[in-house]
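Heads up, the thing below is written out as structure tokens.
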Amino acid sequence: MSVSLDLQPRKLPEPSAALELIKPITWFPPMWAYACGVVSSGASITEHWGPLVLGVLLAGPIVCGMSQAANDWCDRHVDAINEPNRPIPSGRVPGRWGLWIALMMSALALVVGLALGPWGFGATVLAVMAAWAYSVEPIRMKRSGWWGPGLVGLSYESLPWFTGAAVMVTGAPSWEIVIVAVLYGLGAHGIMTLNDFKALEGDRQMGVNSLPVTLGPERAAKIACIVMLIPQLAVIGLLFAWGLSDRALVVLALVVLQLWAMREMMEDPKGRAPWYNGTGVLFYVSGMMVTAFALRGLGGV
């Protein structure tokens, strides 16, 4: 099944379809990570509310929304198999409007990034480049079940966290902030792998070598769980080492809850992966904010 770009009944996108294209439900992770960076910086939030609000909007609706539009445009043939009712294959976003929306939002992201200073702009450039590298040919890093989720995890969690901290202090964050941001980004590789379960059949037909395709649902789910757990255990160890045992115990409790959710998911990995993304991931991101407040307690930067 293919998508026609020439014979579309509409000339302009439906407004609701354009909103669906940029997937508001996906904005939360980078917005949350940026907020974690702001908190961890130790800077006064009330005195820097402008960069906080602007950065959250940039990380979520603008950059993440742009990445979703770019991905849907580049994935239009896969979506015609997996989810033909999506905005582009259904014709509700006709012609090349999906591409134009992604390009216009890329330009908007760079303009808004300028308002966050050199650190914010530099991070925005990296984020836009990563979004296109993930989806567009010939790079298309999403073809790899290892590199693709890794790029998304670092872009959705590590980069916004680093940016939030850097913008608030107008400089490089402390090494503690950097290492924690990277660890949570690496752990998000597992979250992205579980997200690939919903496109299993289309990915297989279109040559996208996600881990569920190459390893099968059960093995892919096990690897996803391990990848999520190891960085969090490293964070817990660091919090203990930094004398923040109370916060470390809270994060440990959240990891235990994730273990329960993982056990439930492994009874039917393919069927319950979406359930885990709505349940177990909540404990993961809660641990991120607990850790951010712990870093703030260290004095931030």
Trace of the side chain to side chain contact (heavy atoms under 4.5 Å, CB included) decision for Val285 with Phe28:
CA-CA 10 Å; Val285 299; Phe28 173 77; 4.1 Å; yes
Please lay out, stage by stage, how His189 and Trp146 fare under the test side chain to side chain contact (heavy atoms under 4.5 Å, CB included).
CA-CA 8 Å; His189 184 295; Trp146 295 105; 4.2 Å; yes
Would you check, one step at a time, whether the test side chain to side chain contact (heavy atoms under 4.5 Å, CB included) holds for Arg86 with Lys23?
CA-CA 11 Å; Arg86 278 192 171 187; Lys23 298 183 183 66; 4.0 Å; yes
Could you walk me through whether Lys142 and Asp196 pass the side chain to side chain contact (heavy atoms under 4.5 Å, CB included) test, one step at a time?
CA-CA 10 Å; Lys142 75 173 298 176; Asp196 286 337; over 6 Å; no
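Using a 4.5 Å heavy-atom cutoff, the side chains of Met262 and Leu229 are in contact. Using a 4.5 Å cut-off on side-chain heavy atoms (C-beta onward), Met31 and Pro61 make contact. The shortest side-chain heavy-atom distance between Ile88 and Asp79 does not fall under the 4.5 Å cut-off. Using a 4.5 Å heavy-atom threshold, the side chains of Ile22 and Met105 count as touching. Taking 4.5 Å as the limit, every side-chain heavy atom of Leu249 sits out of range of all side-chain heavy atoms of Arg247. Contact check for Arg140 versus Glu137: side-chain heavy atoms found under the 4.5 Å cut-off. Trp73 has its side chain out of reach of Leu21: every pair of non-hydrogen atoms, C-beta onward, lies at least 4.5 Å apart. A heavy-atom distance below 4.5 Å is not found between the side chains of Pro212 and Arg219.
Enclosure of atom CH2 in Trp275 by more than 12 non-hydrogen atoms of other residues, nucleotides or ligands within 6.0 angstrom is indicated. Few gaps surround CE on Met104; more than 12 heavy atoms of other groups in view lie less than 6.0 Å from it. Residue Lys270 qualifies as open at atom NZ: its count of foreign heavy atoms under 6.0 Å is 12 or below. Heavy-atom contacts from other residues, nucleotides or ligands closer than 6.0 Å to CZ of Phe293 number 12 or fewer. Atom CH2 of Trp132 has more than 12 heavy atoms from other residues, nucleotides or ligands within 6.0 Å. Around the CH2 atom of Trp147, the shell of radius 6.0 Å holds no more than 12 heavy atoms that belong to other residues, nucleotides or ligands.
Arg92 places no side-chain N or O within donor-acceptor distance of the main-chain N or O of Ala18, the cut-off being under 3.5 Å. A side-chain donor-acceptor contact under 3.5 Å links Arg296 to the backbone of Ala43.
The residue from Leu58, Val167, Thr163, Ile45 that alone fulfils the side chain to side chain contact (heavy atoms under 4.5 Å, CB included) condition with Pro51 is Val167. No option in Val178, Val38, Leu295, Val182 other than Leu295 meets the side chain to side chain contact (heavy atoms under 4.5 Å, CB included) test with Trp161.
The two residues Ala221 and Leu194 make their nearest non-hydrogen contact at CA-CD2, 4.3 Å. Considering all non-hydrogen atoms of both residues, Ser155 and Ala130 come closest at OG-CB, 3.5 Å. Taking every heavy atom of both residues into account, Ser158 and Gly185 meet most closely at OG-CA, 3.1 Å.
Both Phe283 and Leu183 belong to a single network of hydrophobic side chains, linked directly or stepwise wherever heavy atoms of I, L, V, M, F, W or Y lie under 4.5 Å apart. Ile236 and Met228 fall within the same hydrophobic cluster, where Ile, Leu, Val, Met, Phe, Trp and Tyr residues are linked whenever their side-chain heavy atoms come under 4.5 Å apart, directly or through other members. Follow the hydrophobic side-chain contacts under 4.5 Å out from Val39 and you reach Tyr284 in the same cluster.
To the nearest 0.5 angstrom, Thr279 atom OG1 is 11.0 Å from Arg272 atom CZ. Note: Ser135 OG to Gln68 CD = 8.5 Å, rounded to the nearest 0.5 Å. Separation of atoms CD (Glu83) and OG (Ser90) is listed at 11.5 Å; rounding is to 0.5 Å. Interatomic distance, Met129 CE to Leu151 CG, rounded to the nearest 0.5 Å: 10.5 Å. Rounding to the nearest 0.5 angstrom, the gap separating the CG atom in Leu126 from the CG atom in Leu154 is 11.5 Å. Put simply, OH on Tyr156 and CE on Met192 are 7.0 Å apart, with the number rounded to the nearest 0.5 Å.
A cation-pi arrangement is not found for Arg96 relative to Trp100, the charged atom failing to lie both closer than 6.0 Å to the ring centre and inside a 45° cone about the ring normal.
Relative ring orientation between Phe162 and Trp119 is described as tilted, the plane-to-plane angle lying within the 30° to 60° band.
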